[in-house]
Amino acid sequence: MFDQERQFIETQIGDYCAAIGLPAPEALVWNPIPFGGEWGISTSFFQIAAQEGRLRKERGEPGINVPQRAQELASAAAAQIGVPAGFTHVDAVKGYLNLYFATGEYARRAVQEVLARGPDFGRGAPQPERVMVEYANTNTHHSFHIGHYRNAVLGEAVARQAEFAGFDTIRASYPGDIGLSVITVIWIYRKFYLGQEPEGVHQRGQWLMRLYVEATALLEPKENETPAQKAQREAYDAERREIYRRWDDGDPEIRALWLKTRQWSLDEFEHILQLMDIKLDVWFFESDVDEPSKQIAEDLIRMGIADDERPSGGAVIVKIDEKLGLTKEKYRTNVILRSDGTSLYLTKDLALAKVKFDAYHVDRSVYVVDIRQSLHLQQAFKILELMGYKQAEKCHHLGYGFVSLPEGAMSSRRGRIVLFKDVYDEASRRVLAEIERKNPDLPSELRQEVAGQVGLGALAYGMLSVDNNKDIVFDMESALNFDGHTGPYIQNAHVRANSILKKAGGEIPANADIDYPLTSHEIQLIDKISRFPDMVQQAAREYRPLVIATYAYDLANTFHSFYHAAPVLQAESEPIRLARLRLVAAARQTLANALHLLSIAAPQVM
């Protein structure tokens, strides 16, 4: 919107700088001027003034007062460009060049921009970098709980927002599919339950979780344990360790059981991702990088980054602070290969990063991992930097807080978790009951679809509307509250807009002049809609879905206020009715686009 006018102004400013012997400024940053009777845009001349000051200093000339010079340059530029077409006036204030639009023309163009671009309104120009977002990293042989859901919906929102901002985006998952907890499930399944697995994707996945809880109870020491009980427990643990050894040796029977039971977990996981409308592009498994990680350790020794203390019975270590030349401890010393030759999580993360950079040509790598892993990932990023990967400086850890229960922390070992599927089913059931009460005429085939959309909307927004660094105490009643600052409130704004347009015949007017005095509610709605593209860029730049979550709620709130205050179908004149119908259509489209970036559906009815 107004791109041609901005380009003309930037050319004029560049010509003016050249005429007075200054280098042409780099890309100017334009910021919206808050509505105060008219809309406008503003750009600063402080950078140009500061650059002139540096040039004068290099030439040995007297320095300048940067704020004063910025105002002089802004005033001169204002005189140079005059009042371009589409603007009402131009002024220079405190080093800023301000240009103001004709209110009606700005409103018309803002609405037209949305309707012309439709689902692409707010989409940024293609960026030169490729982003990989790693999320939904559940462990196999367990079941998908509400904590996993926070990770998955946060990662999907980041991926959607990066993609919409213009970045080539790859969605990746890195499930943990090996380790003692996995072997524990294989042991108990093989010993007591072989061939007794239930039918059904979710039934099997949840059954594996229950087996893990049962196995943990058998293998953990108990208070006042008798000698016989201790002997039995130690025998069980020896059997489990033997199975781990056989897995490590590639035993065909154990590997087959592992792959079979792993697939049960993946089947459940993939069905849940389907419910969430998440389509992953690539799967990395921990087992796939286990052997390559050992080679990484050898490479680090060869490069002089790691110290090999195995000859003296030690491990392979990296003294990160020393290698970076730091005098104070920050990243510490890390073991990357144990003395027995086994690798660690850090080593596997290095091996996986190498695959991302070398095979997938990733420029930016985002890790959606809980906040407890912050130091671990910072250490990985610094080792990658030592290895010479320029992408290391654009690796980003998007941490998030715990999801706990009112009675305390969740624990898979104790079976104290809330399964996502149970919450989803309960949310759908409650929405279905509300639909039957408030909209009994809704066709039955639509009820289940809408119930799922609104139920997930409540859950997703409940996770994304909280700062990702904060912990969440998950309470079923609060999560499924559909009033107030919630996803369904935003979805309802979309439904209301759709209902108005449907009552008007379903067709959006092809054009409408806005040559009447706009009400404050119209101004606020137009202003909010026009800010969406900037919000997309901010969210992608900061990896913060909360930016869009807050914006979507504010937009819905602004639309609801407009809906109650400004008649549309019963507007005072036909030109105003047509203009407001187009504004409603623009609001509907912007709400739909914002909801999409939050991985929330925009239902047509509720």
Side-chain angles (χ1 to χ4, degrees), residues 129-139 151 154-155 158-159 170-179 282-309 315-326 328-338 341-400 468-469 543:
E129 294 180 311
R130 174 174 288 177
V131 178
M132 179 177 281
V133 184
E134 179 196 305
Y135 62 109
N137 299 344
T138 61
N139 290 327
N151 176 296
L154 185 62
V158 168
I170 301 174
R171 293 163 171 80
S173 179
Y174 177 43
D177 64 335
I178 57 173
V282 58
W283 293 78
F284 299 116
F285 290 99
E286 187 180 345
S287 57
D288 292 337
V289 292
D290 187 42
E291 287 302 317
S293 69
K294 297 171 185 176
Q295 183 58 49
I296 286 284
E298 299 300 329
D299 292 343
L300 290 173
I301 295 169
R302 179 178 49 79
M303 296 166 74
I305 297 170
D307 296 323
D308 189 357
E309 298 183 348
V316 178
I317 62 173
V318 177
K319 300 175 181 176
I320 303 178
D321 296 318
E322 179 183 301
K323 298 299 179 181
L324 290 171
L326 302 179
K328 291 185 178 179
E329 183 180 81
K330 184 174 182 180
Y331 299 104
R332 305 178 185 173
T333 294
N334 287 96
V335 175
I336 59 169
L337 199 67
R338 297 186 184 95
T342 56
S343 62
L344 294 90
Y345 286 123
L346 176 62
T347 334
K348 293 168 187 173
D349 276 325
L350 296 175
L352 181 56
K354 187 176 189 300
V355 173
K356 292 178 181 180
F357 298 153
D358 295 347
Y360 290 88
H361 310 293
V362 170
D363 302 296
R364 294 172 179 259
S365 188
V366 183
Y367 295 73
V368 184
V369 180
D370 82 62
I371 206 163
R372 293 173 299 177
Q373 304 302 318
S374 181
L375 177 60
H376 164 88
L377 286 169
Q378 293 307 314
Q379 291 166 337
F381 301 161
K382 284 301 173 183
I383 295 175
L384 290 169
E385 181 183 312
L386 291 168
M387 292 172 70
Y389 283 109
K390 293 180 180 179
Q391 300 98 318
E393 66 181 19
K394 292 186 178 179
C395 286
H396 179 79
H397 173 213
L398 182 65
Y400 61 91
N468 53 278
N469 291 305
Y543 306 114

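Values below: all heavy atoms of this structure, side chains included; hydrogens, waters and symmetry mates excluded. Keep in mind that what you see is a predicted model, and the values were worked out from it rather than measured.
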K.L.:
Mind checking what makes ring pair (Phe, Tyr, Trp, His ring centres under 6.0 Å) contact with Tyr400, not counting sequence neighbours?
P.N.:
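With neighbours one apart ignored, the set is empty.
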
K.L.:
Which of these passes side chain to side chain donor-acceptor pair (under 3.5 Å) with Asp349: Lys354, His376, Gln379?
P.N.:
His376

K.L.:
Using the test ring pair (Phe, Tyr, Trp, His ring centres under 6.0 Å), find all partners of His396 that sit at least two apart in sequence or belong to another chain.
P.N.:
Tyr543

K.L.:
List in chain and number order the residues that pass side-chain hydrogen bond (donor to acceptor under 3.5 Å, both in side chains) with Arg332, two or more places apart in sequence or in another chain; answer none if no residue qualifies.
P.N.:
none

K.L.:
Does any non-hydrogen side-chain atom of Asn139 lie less than 4.5 Å from one of Pro175?
P.N.:
no

K.L.:
Got a sec, which residues hit side-chain hydrogen bond (donor to acceptor under 3.5 Å, both in side chains) with Lys323, two or more places apart in sequence or on another chain?
P.N.:
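Lys323: no side-chain hydrogen bond (donor to acceptor under 3.5 Å, both in side chains) contacts found.
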
K.L.:
Are Ile336 and Leu344 close enough, and set up right, to give a side-chain contact (heavy atoms from CB on, under 4.5 Å), and what steps lead you there?
P.N.:
CA-CA 6 Å; Ile336 59 169; Leu344 294 90; 5.6 Å; no

K.L.:
Could you give me the CA-CA distance, side-chain angles and deciding distance for Phe381 and His397, then say whether side-chain contact (heavy atoms from CB on, under 4.5 Å) is met?
P.N.:
CA-CA 10 Å; Phe381 301 161; His397 173 213; 4.3 Å; yes

K.L.:
Could you verify whether a donor N or O on one side chain and an acceptor N or O on the other, from Tyr174 and Asp288, lie under 3.5 Å apart?
P.N.:
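Note: Tyr174 and Asp288 side chains miss the donor-acceptor criterion.
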
K.L.:
Any chance you could measure His361, atom NE2, to Gln391, atom CD, to the nearest 0.5 Å?
P.N.:
10.5 Å

K.L.:
Applying side-chain contact (heavy atoms from CB on, under 4.5 Å) between Glu134 and each of Leu352, Val366, Val368, report the one that passes.
P.N.:
Leu352

K.L.:
Identify the two heavy atoms, one from Gly399 and one from Asn469, that lie closest to each other, and give their separation to 0.1 Å.
P.N.:
O-OD1, 3.8 Å

K.L.:
Apply salt bridge (charged side-chain N to carboxylate O under 4.0 Å, His left out) to Glu329 and list each qualifying residue two or more places apart in sequence or on a separate chain.
P.N.:
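Here no residue qualifies.
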
K.L.:
Can you measure from CD1 (Ile301) to CD1 (Ile296) and round to the nearest 0.5 angstrom?
P.N.:
11.5 Å

K.L.:
Identify, with sequence neighbours excluded, every residue that meets side-chain hydrogen bond (donor to acceptor under 3.5 Å, both in side chains) alongside Lys319.
P.N.:
none

K.L.:
Please find the pair of heavy atoms, one from Val335 and one from Ala315, that lie closest to each other, and give the distance.
P.N.:
CG1-CB, 3.8 Å

K.L.:
Walk me through it: do Phe357 and Cys395 pass the test side-chain contact (heavy atoms from CB on, under 4.5 Å)?
P.N.:
CA-CA 11 Å; Phe357 298 153; Cys395 286; 3.8 Å; yes

K.L.:
By side-chain hydrogen bond (donor to acceptor under 3.5 Å, both in side chains), which residues pair with Arg372, not counting sequence neighbours?
P.N.:
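Arg372: side-chain hydrogen bond (donor to acceptor under 3.5 Å, both in side chains) contacts with Asp370.
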
K.L.:
Taking only residues two or more places apart in sequence, or in another chain, which ones meet Phe284 in a ring pair (Phe, Tyr, Trp, His ring centres under 6.0 Å)?
P.N.:
Tyr360

K.L.:
When rounded to the nearest 0.5 angstrom, what distance separates CG in Asn334 from CD1 in Ile317?
P.N.:
9.5 Å

K.L.:
For the residue pair Leu384 and Ala353, what are the closest heavy atoms and their distance?
P.N.:
CD1-CB, 3.6 Å

K.L.:
Hey, could you give me the CG/CG distance between Leu398 and Asn468, rounded to the nearest 0.5 Å?
P.N.:
4.5 Å

K.L.:
Minimum heavy-atom separation for Ala136 to Ser173, with atom names?
P.N.:
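Between these two residues, the closest heavy atoms are O-OG, 2.8 Å.
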
K.L.:
Can you list every salt bridge (charged side-chain N to carboxylate O under 4.0 Å, His left out) pair that touches residues 384-393, not counting sequence neighbours?
P.N.:
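The answer is Lys382-Glu385.
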
K.L.:
Please identify each residue that fulfils salt bridge (charged side-chain N to carboxylate O under 4.0 Å, His left out) with Glu322, with sequence neighbours left out.
P.N.:
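Salt bridge (charged side-chain N to carboxylate O under 4.0 Å, His left out) list for Glu322, sorted by chain: empty.
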
K.L.:
Please examine the side chains of Val316 and Leu300, heavy atoms only from C-beta on, and report whether any two atoms are closer than 4.5 Å.
P.N.:
no

K.L.:
Main chain of Lys330, side chain of Asp321: is a donor-acceptor contact present, judged purely on distance under 3.5 Å?
P.N.:
yes

K.L.:
Check the pair Lys394 / Asp363 against side-chain contact (heavy atoms from CB on, under 4.5 Å), numbers first and verdict last.
P.N.:
CA-CA 7 Å; Lys394 292 186 178 179; Asp363 302 296; 5.6 Å; no

K.L.:
List the residues meeting side chain to side chain contact (heavy atoms under 4.5 Å, CB included) with Ser343, not counting sequence neighbours, and say none if there are none.
P.N.:
Asp290, Ser293, Lys294, Leu337, Thr347, Lys348

K.L.:
So which atom in Gln373 and which in Val369 form the shortest heavy-atom distance, rounded to 0.1 Å?
P.N.:
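What the structure gives for the nearest pair is CG-CG1, 3.4 Å.
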
K.L.:
Who pairs with Phe285 by ring pair (Phe, Tyr, Trp, His ring centres under 6.0 Å), at least two apart in sequence or on another chain?
P.N.:
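Checked Phe285 against ring pair (Phe, Tyr, Trp, His ring centres under 6.0 Å); zero matches.
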
K.L.:
Distance from Asp177 atom CG to Trp283 atom CH2, nearest 0.5 Å?
P.N.:
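Interatomic distance, Asp177 CG to Trp283 CH2, rounded to 0.5 Å: 11.0 Å.
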
K.L.:
CG/Asp299 to CE/Met387 distance, rounded to the nearest 0.5 angstrom?
P.N.:
6.5 Å

